[in-house]
Amino acid sequence: MKQHISKVAIIGAGLVGSSTAFSLLTQGLCDEILLVDRDAERAHGEMMDLRDGIDYLGRNIRVTAGGYAGCGDADIVVITAGPPPREGQTRLDTLGLSKEIVRSIVGPVMDAGFSGIFLIVSNPVDLIAQDVWKLSGLPKSQVIGTGTALDSARLKALLGGLVGVDPRSVHAFALGEHGDSQMVPWSRVTVGGKTFAEVLRDNPGRFEGVDLDRLVHDTVQAGWEILKRKGTTYYGIATTAAGIIKCILHDENRIIPVSTLLEGEYGESGVFCGVPAVIGHGGVQEIVRLPLTGAEEEKFHASCEVLRGFVKNL
Ligand SMILES: NC(=O)C1=CN([C@@H]2O[C@H](COP(=O)(O)OP(=O)(O)OC[C@H]3O[C@@H](n4cnc5c(N)ncnc54)[C@H](O)[C@@H]3O)[C@@H](O)[C@H]2O)C=CC1
Ligand SMILES: CC(=O)C(=O)O
């Protein structure tokens, strides 16, 4: 029997797209990578550069550059085309241009016979994922935005540093918009099985003055701090996207906060936003419903409300 060749198509071979390809390649996460870009020369150049390292990888991975026809048999199409926000802009400010770009992409991908999973990275990621879901006609499980996966990783790194443990021993989620209105349900944060409140209570001297609002602020600002120094961000999101792709291709059923359509979960409907979800072969297998306190619910709804204000214009 012929073995399945896992194929990831990346639309937008800019900094995020090419870094995602590099991450997939160096981790050996798929068999084939296709790069598509409006700037065909750029995609071709990235393909050539990526191919140059193949001799030093654990195995051969096919890297190509081309048009949308090659998306038909892809397992995953990753959309990273779009203008990164500039200093002084919010991600929401890039909606107009990103929307136009994404609309020129989804039709040709679907026309190629694509029936796999869209992973949306382009900002504002929640709204672009919602638009792709609407345009593609695919089931909601098959359209995933990276959502607050990156913010949650940033939060875990902050908390791990504060407590002095590996961030992977911290369980914490940023929820809502991948943007300024995101929130953190502190009642659900645990470190090695202890709630964060217990960690603070058991070490009063050490954690005196820890300000939860400040930690949320620093999580939200993390991207801007990078942008201030190097103009844009790409390695963090590329590794995050590759992590989600790994969950899908390897059917890991790992829980990651991604942007997905809410249909009553968390008391919200009709909006894509970041919530923990089980990610496996079919995409979003299940949304994990975290019990939130009343105050946390209010903050979550406020974030959804920000997004809803834009959904009607999609
Ligand atoms: N979700 C997240 O956490 C993050 C999202 N991003 C987003 O990723 C996107 C890409 O950022 P960068 O790679 O830094 O930008 P970039 O400018 O380096 O690359 C964008 C690429 O898209 C291509 N492109 C533009 N219009 C196209 C079209 N109609 N069809 C095909 N390709 C097209 C461009 O030619 C360019 O190569 C932005 O929307 C940015 O905000 C960036 C970091 C984190
Ligand atoms: C640019 C962006 O969305 C981020 O780094 O969070």
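Small disclaimer: the values here were computed from a predicted structure and weren't measured.
A salt bridge does not link E296 to K299: none of the charged nitrogens lies less than 4.0 Å from a carboxylate oxygen. A salt bridge links D31 to R59: one of the charged nitrogens lies within less than 4.0 Å of a carboxylate oxygen. Between E100 and R103 no salt bridge is recorded (no basic side-chain N to carboxylate O distance below 4.0 Å).
Counting heavy atoms from C-beta outward, H217 and V220 have side chains that stay 4.5 Å or more apart. L95 places none of its side-chain heavy atoms less than 4.5 Å from the side chain of N313. Side-chain contact check for L159 versus P167: every heavy-atom pair is 4.5 Å or farther apart. Residues I144 and I117 have side chains in contact (heavy-atom distance under 4.5 Å, counting atoms from C-beta outward). No side-chain heavy atom of V170 sits less than 4.5 Å from a side-chain heavy atom of V163. Side-chain contact between P291 and R188 is present, with at least one heavy-atom pair separated by less than 4.5 Å. Within the 4.5 Å cutoff, no side-chain heavy atoms of F310 are placed close to those of D126. Side-chain contact check for E252 versus I279: every heavy-atom pair is 4.5 Å or farther apart.
Using modelled atom types, no side-chain atom of T233 and backbone atom of G223 make a donor-acceptor pair closer than 3.5 Å. One N or O on the side chain of Q89 and one on the backbone of R86 form a donor-acceptor pair closer than 3.5 Å. Side-chain atoms of R308 come within 3.5 Å of backbone N or O of S269 as a donor-acceptor pair. K140 contributes no side-chain N or O that, together with a main-chain N or O of E263, makes up a donor-acceptor pair within less than 3.5 Å. Between the R229 side chain and the E225 main chain, a donor and an acceptor come within less than 3.5 Å of each other. Under the 3.5 Å distance criterion, the side-chain polar atoms of S23 are left unmatched by any main-chain donor or acceptor of S19. Using modelled atom types, one side-chain atom of S104 and one backbone atom of I101 make a donor-acceptor pair closer than 3.5 Å. With Q182 contributing its side chain and G176 its backbone, the two residues share no donor-acceptor pair below 3.5 Å. With R91 contributing its side chain and V125 its backbone, the two residues share no donor-acceptor pair below 3.5 Å. In this structure a side-chain-to-backbone donor-acceptor pair under 3.5 Å is missing from T190 to G193.
The neighbour count for K246 NZ, taken as heavy atoms of other residues, nucleotides or ligands under 6.0 Å away, does not exceed 12. Applying the 6.0 Å contact sphere to CZ of F207 captures more than 12 heavy atoms from other residues, nucleotides or ligands. The 12-atom threshold is not exceeded at CZ of F22, counting heavy atoms of other residues, nucleotides or ligands nearer than 6.0 Å. The local environment of CZ in R62 is sparse, with at most 12 non-hydrogen atoms from other residues, nucleotides or ligands closer than 6.0 Å. For H171, the NE2 atom counts as loosely surrounded, since its 6.0 Å shell holds 12 or fewer non-hydrogen atoms of other residues, nucleotides or ligands. Heavy atoms of other residues, nucleotides or ligands lying less than 6.0 angstrom from NE2 of H281 number 12 at most.
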**Asked** Can you list the steps and then say if M110 with F118 is a side-chain contact (heavy atoms from CB on, under 4.5 Å)?
**Response** CA-CA 11 Å; M110 296 311 291; F118 271 113; 3.8 Å; yes
**Request:** Verify side-chain contact (heavy atoms from CB on, under 4.5 Å) between V311 and L127, making sure each step is shown before the conclusion.
**Result:** CA-CA 7 Å; V311 167; L127 294 162; 3.8 Å; yes
**Asked** Going through the distances and angles, do L150 and R154 end up as a side-chain contact (heavy atoms from CB on, under 4.5 Å)?
**Response** CA-CA 6 Å; L150 175 59; R154 287 170 172 160; 3.5 Å; yes
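Contact detail for D37 and A13: the closest heavy-atom pair is OD2-N, 2.6 Å. A pairwise comparison of heavy atoms in C71 and I11 identifies SG-CD1, 3.9 Å as the closest pair. The shortest heavy-atom contact between L155 and A172 is CD2-CB, 3.7 Å. Closest non-hydrogen pair, L162 versus L215, comes out as CD2-CD1, 4.3 Å. Nearest heavy-atom pair, L262 versus C273, reported as atom, atom and distance to 0.1 Å: CD1-SG, 3.7 Å. Nearest heavy atoms, L307 versus F272: CD1-O, 3.5 Å.
Of the candidates L249, I61, I10, I10 is the only one forming a side chain to side chain contact (heavy atoms under 4.5 Å, CB included) with L24.
With 3.5 Å as the limit, one finds a donor-acceptor pair spanning the side chains of H178 and D151.
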